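Here is the structure we will look at.
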There are 2 protein chains.
Amino acid sequence: MSSAAAGMAPVPEPSPELLQRAAGVRRSAMALGQWSDAERRAAVQAMASALESDRHKILAANQADMETAAADGLTPALMARLKLDGAKLDAAISGVRQVAALADPLGRRQLHTELDQGLVLERLTVPLGVVGVIFEARPDAAIQIASLAIRSGNGAILKGGREASRSCAAIMAALRQGLAKGIPQTIPAPDPIADDLAVSNTSATKPLANNPLPPIPVAMDSAAGDLMAASALELLTSREESLALLKLDGLVDLIIPRGSNALVRYIQDNTRIPVLGHADGICHLYVDAAADLDQALRVAIDAKTQYPAACNAIETLLVHEQIAPSFLAMAIEAFGAAGVELRGDAAALALGVEHAASEEDWSSEYSDLVLAVKLVADLDAAIEHIGRYGSRHTDAICTTDDQAANRFLAAVDSAGVYLNCSTRFADGFRYGFGAEVGISTQTLPPRGPVGLEGLVTYRYRLRGEGHIAADYASGARQFSHRALPL
Amino acid sequence: MSSAAAGMAPVPEPSPELLQRAAGVRRSAMALGQWSDAERRAAVQAMASALESDRHKILAANQADMETAAADGLTPALMARLKLDGAKLDAAISGVRQVAALADPLGRRQLHTELDQGLVLERLTVPLGVVGVIFEARPDAAIQIASLAIRSGNGAILKGGREASRSCAAIMAALRQGLAKGIPQTIPAPDPIADDLAVSNTSATKPLANNPLPPIPVAMDSAAGDLMAASALELLTSREESLALLKLDGLVDLIIPRGSNALVRYIQDNTRIPVLGHADGICHLYVDAAADLDQALRVAIDAKTQYPAACNAIETLLVHEQIAPSFLAMAIEAFGAAGVELRGDAAALALGVEHAASEEDWSSEYSDLVLAVKLVADLDAAIEHIGRYGSRHTDAICTTDDQAANRFLAAVDSAGVYLNCSTRFADGFRYGFGAEVGISTQTLPPRGPVGLEGLVTYRYRLRGEGHIAADYASGARQFSHRALPL
């Protein structure tokens with residue numbers, strides 16, 4: 001358990017001030033949801049420009065966070081996540097521009113059926129509403145998630161880790177400034193519906209509301225359209241606020257935790273709001289008997305070392321015992337040169353791996369230059385090991401045997417199953433989503449790297465001409481269920 | 001709070017026997033997930049035939065349940081849900097055949113992208129695994145859900161209400177018998193992977209497992225293929241088992257509660273497994289100033305009386321004050337003739353509604369021939385009322401004014417928004433899904449009536465030729481993100 005989660009109980013009730021801010025985000029989000037594609041695109045572009053303008057401020061704030069973190073003795077893995085240098089910031093800004101360029105996820109017709117003459121059903125994509133994001137360390141996550149939220153017409157309430165507080169504040173100031181500048185010339189009039197919806201959550205009798213919330217005084221200032229738009233993004237700064245966020249059901253539609261397994265588990269146990277589970281990644285690479293050993297080693301080195309702090313780095317290398325002697329001879333040298341500590345089972349130790357792995361190693365996410373190594377008798381033993389210890393994130397096989405490849409890809413029930421490539425590709429950017437709100441290891445969609453699609457839901461619209469159900473129950477009328485063009 | 005939920009604490013740990021049965025369902029489900037489309041279709045057909053063969057047994061069992069329920073003084077609404085007469089059973093069996101005929105939801109390629117030369121990403125639909133269903137009263141829900149689960153390659157653990165115990169036992173016996181008969185001639189060999197996955201949930205260190213589970217002895221009998229298939233469906237009979245089901249994360253992928261709001265809320269608060277929220281329906285019909293009054297009355301009568309125990313029946317009628325005098329004159333007479341008790345606000349009382357509504361009425365699901373009536377000053381007031389008191393299930397407007405219609409359809413954030421037709425159409429059958437596992441009132445998909453789609457997830461498959469992430473980080477290679485044909 002991380003100290004963050006261990007110290008996290010019980011969940012406090014939201015303060016009136018937090019309720020008011022959350023209602024403000026919801027109100028702004030409802031207005032944002034009415035913006036056109038071009039308007040939301042322009043707003044995200046303006047957010048990217050604002051980040052560019054504030055580049056030095058943001059880097060300086062991160063430098064200050066890094067210095068404090070170093071003085072506080074943060075682990076190297078956490079320091080790596082916290083660090084936001086020029087290259088990382090530029091990549092994040094470029095990601096924002098990519099998100100702006102993505103096709104509009106809203107207003108898509110997913111289903112179009114004539115149920116009967118004059119009775120037509122549609123399913124259309126609409127924004128979720130408001131997402132709550134709790135992340136540890138990585139400040140660039142705020143940039144990704146805020147841009148995805150605004151592009152898809154959603155509000156976002158973000159809470160970064162204490163260690164990233166200056167970075168997050170500087171980023172958020174830029175994003176809000178950009179959003180306010182990006183507001184369309186045709187400012188939507190303050191939306192009474194948005195107000196109503198926000199206030200509606202104060203009803204003690206709201207069926208799915210967590211608890212009776214006090215009435216929220218909603219102050220509307222029609223001249224403050226830019227402020228209103230900016231308040232679709234809010235940053236929470238105190239620990240109490242971040243926990244109370246979990247009790248804002250009715251005001252927040254999805255919680256996205258980005259941090260330790262313990263944090264995710266704590267959040268799942270303490271909220272009725274759906275959680276997009278971004279659990280730690282216990283990813284595996286299995287080197288099959290029929291692997292191209294040079295290729296497999298190249299993939300293994302990349303999957304472990306290219307960014308060891310990432311959740312899609314491998315933690316365990318499974319090696320078919322037939323090729324283990326030749327493969328490990330190469331691998332021990334290469335990993336040693338890359339500064340990776342190998343921890344092997346008895347069979348791996350016998351082939352020269354220096355450190356012994358304990359039972360705990362098979363389920364550890366090192367987030368560091370450490371790799372557990374296990375020899376397996378066959379493909380099934382590899383699949384068994386992954387089923388037992390994996391986190392259903394991303395698992396790969398290296399082989400030239402088509403049958404083994406297909407069996408692995410069908411039988412491993414992880415969000416990502418890979419053949420002859422690095423697990424490090426499990427990422428929204430790399431999948432072509434422009435950015436990601438997180439990686440879900442849950443079974444239900446959205447699963448794996450989640451981009452804009454994860455922030456969109458749908459609504460059924462049915463238009464009739466006085467149609468009633470009794471006519472179909474009696475047999476007077478029959479459903480046609482005729483598919484219409486999308 | 002219903003008595004069912006009020007008495008439901010705390011959640012007990014699963015017994016070794018329950019763990020073993022759940023592991024058996026998971027093992028069978030993994031085998032089922034490997035069956036072809038034709039095999040799963042044949043199995044569902046065999047389930048329908050078995051229900052037909054056992055028709056009299058099932059009806060007799062339900063009759064016995066009904067007699068006990070009457071003696072126990074069950075409410076008329078619950079009696080209506082419990083009742084399974086010949087017509088309802090025939091409709092349910094016909095629904096099973098419709099599910100068999102539905103297109104295979106598995107193996108669909110939703111995404112196909114060349115990330116770079118030789119590096120190809122696919123997203124394919126796969127079964128969820130195992131669904132846990134907890135329902136009160138309605139025994140036909142078991143039929144619908146079991147057929148949807150098997151069609152989509154999933155196992156199901158069902159727990160019906162105590163009042164429906166004989167009905168559920170008779171239904172389940174038929175379904176299991178049919179499933180065993182429907183097993184393909186080419187019985188898949190006992191799948192070691194399925195075992196591994198089941199056993200893997202016993203690991204104390206499984207990242208998302210609820211708690212350390214004791215090892216499950218998995219007895220495999222390769223001669224008992226039919227029994228194995230049948231055990232993809234399990235019925236829980238005791239209250240303790242039904243609660244412990246909530247702690248089977250790792251073995252159960254989705255909980256579908258079908259019952260009272262209190263039951264749904266209790267389940268959401270006591271499980272880490274995702275819950276497909278089938279909360280009560282507080283549905284509204286708004287009769288606009290520009291409504292066709294005869295049509296609106298016809299729709300209102302249908303939406304309230306065609307099946308008042310259903311969640312998609314309306315509970316509140318909102319009437320524009322301009323047309324209220326003429327509309328209510330007609331409506332009071334018609335609802336009176338239909339045996340519906342109207343409860344009005346002060347303005348409705350002044351126009352002849354007999355009973356007074358209290359604040360509580362606006363958030364009550366009567367499930368009975370009672371309807372709350374409120375006059376509203378305009379469309380916005382109607383939308384405000386729905387936002388404040390609705391359960392985001394299904395809400396309708398009757399109007400001939402296109403502008404009012406479009407505003408209502410855009411601004412009401414319910415799973416279903418309807419124009420000039422009855423809310424009773426909110427149903428998987430009527431939407432053309434063949435059947436439904438439930439109706440979700442949550443924001444995230446699956447939302448509204450959920451059919452096969454809600455029991456399917458997806459997996460990303462990435463095939464490479466030794467591709468590593470470092471080459472893209474360094475700029476040596478660039479992503480193409482080229483869309484390929486689906």
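Order of the sequence lines sets the chain letters (A, B, ...), proteins ahead of strands, with each chain counted from 1. Nothing here was measured: the structure is a model prediction, and the numbers come from that model.
- Of the two parts of B/A470, the backbone and the side chain both hold a non-hydrogen atom closer than 4.5 Å to a non-hydrogen atom of chain A.
- Contact of B/L111 with chain A is made through the side chain alone, with heavy-atom distances under 4.5 Å.
- Your options are A/F429, A/F425, A/Y472, and the one with the most heavy-atom pairs under 4.5 Å with chain B is A/F425.
- Taking 4.5 Å as the limit, every side-chain heavy atom of B/D253 sits out of range of all side-chain heavy atoms of A/L444.
- Contacts between B/Y431 and chain A at a heavy-atom distance below 4.5 Å involve backbone atoms as well as side-chain atoms.
- Within 6.0 Å of CD in A/E453 there are 12 or fewer heavy atoms belonging to other residues, nucleotides or ligands.
- The shortest side-chain heavy-atom distance between B/N420 and A/E465 does not fall under the 4.5 Å cut-off.
- Both the backbone and the side chain of A/R430 come within less than 4.5 Å of a heavy atom of chain B.
- Between atom CD of residue B/Q442 and atom CG of residue A/L128 there is a gap of 11.5 Å, rounded to the nearest 0.5 Å.
- Residues A/D471 and B/R298 are in side-chain contact: their nearest non-hydrogen atoms beyond the backbone lie under 4.5 Å apart.
- The candidate from A/A405, A/P445, A/S480 with the greatest count of non-hydrogen atom pairs under 4.5 Å with chain B is A/P445.
- What you find for B/A473 and A/Q306 is that their closest heavy atoms are CB-NE2, 3.2 Å.
- Neither the backbone nor the side chain of A/L455 comes within contact range of chain B; no heavy atom of the residue lies under 4.5 Å from a heavy atom of that chain.
- Residue A/I468 touches chain B through both its backbone and its side chain, counting heavy-atom pairs closer than 4.5 Å.
- Counting heavy-atom pairs under 4.5 Å between each of B/A415, B/P446, B/G454, B/G416 and chain A puts B/A415 at the top.
- For a residue to count as touching a neighbouring chain, one of its non-hydrogen atoms must lie under 4.5 Å from one of that chain's; by this rule B/P274 touches chain A with the side chain only.
- When atom types are taken as modelled, the side chain of A/R447 and the backbone of B/R459 share no donor-acceptor pair closer than 3.5 angstrom.
- For a residue to count as touching a neighbouring chain, one of its non-hydrogen atoms must lie under 4.5 Å from one of that chain's; by this rule B/H467 touches chain A with backbone and side chain alike.
- Between atom CZ of residue A/R272 and atom CD1 of residue B/I267 there is a gap of 12.0 Å, rounded to the nearest 0.5 Å.
- Formation of a donor-acceptor pair under 3.5 Å by the B/T457 side chain with backbone atoms of A/T443 is found in this model.
- Residue contact with chain A, scored on non-hydrogen atoms closer than 4.5 Å, involves the backbone and the side chain of B/L409 alike.
- In this structure, chain A has no heavy atom under 4.5 Å from any part of B/I301.
- For the set B/L254, B/D294, B/V299, B/L121, the count of heavy-atom pairs under 4.5 angstrom toward chain A peaks at B/L121.
- The minimum heavy-atom distance between A/R424 and B/A469, with the atom names listed, is CB-CB, 3.6 Å.
- With a 4.5 angstrom heavy-atom cutoff, B/F479 touches chain A only via side-chain atoms.
- Most heavy-atom pairs under 4.5 Å with chain A, from the set B/A426, B/S364, B/A410: that is B/A410.
- When the candidates B/G466, B/P449, B/A483 are compared by the number of heavy-atom contacts under 4.5 Å with chain A, B/G466 comes out ahead.
- With a threshold of 4.5 angstrom between heavy atoms, B/S414 approaches chain A through N, CA, C or O but not through any side-chain atom.
- Only the side chain of B/L115 comes within contact range of chain A, with heavy atoms under 4.5 Å apart.
- In terms of non-hydrogen atom pairs under 4.5 Å with chain B, the most contact-rich of A/L119, A/L124, A/T113 is A/L119.
- For chain A, no part of B/E114 is nearby; none of its heavy atoms comes within less than 4.5 Å.
- Contact of A/F433 with chain B is made through the side chain alone, with heavy-atom distances under 4.5 Å.
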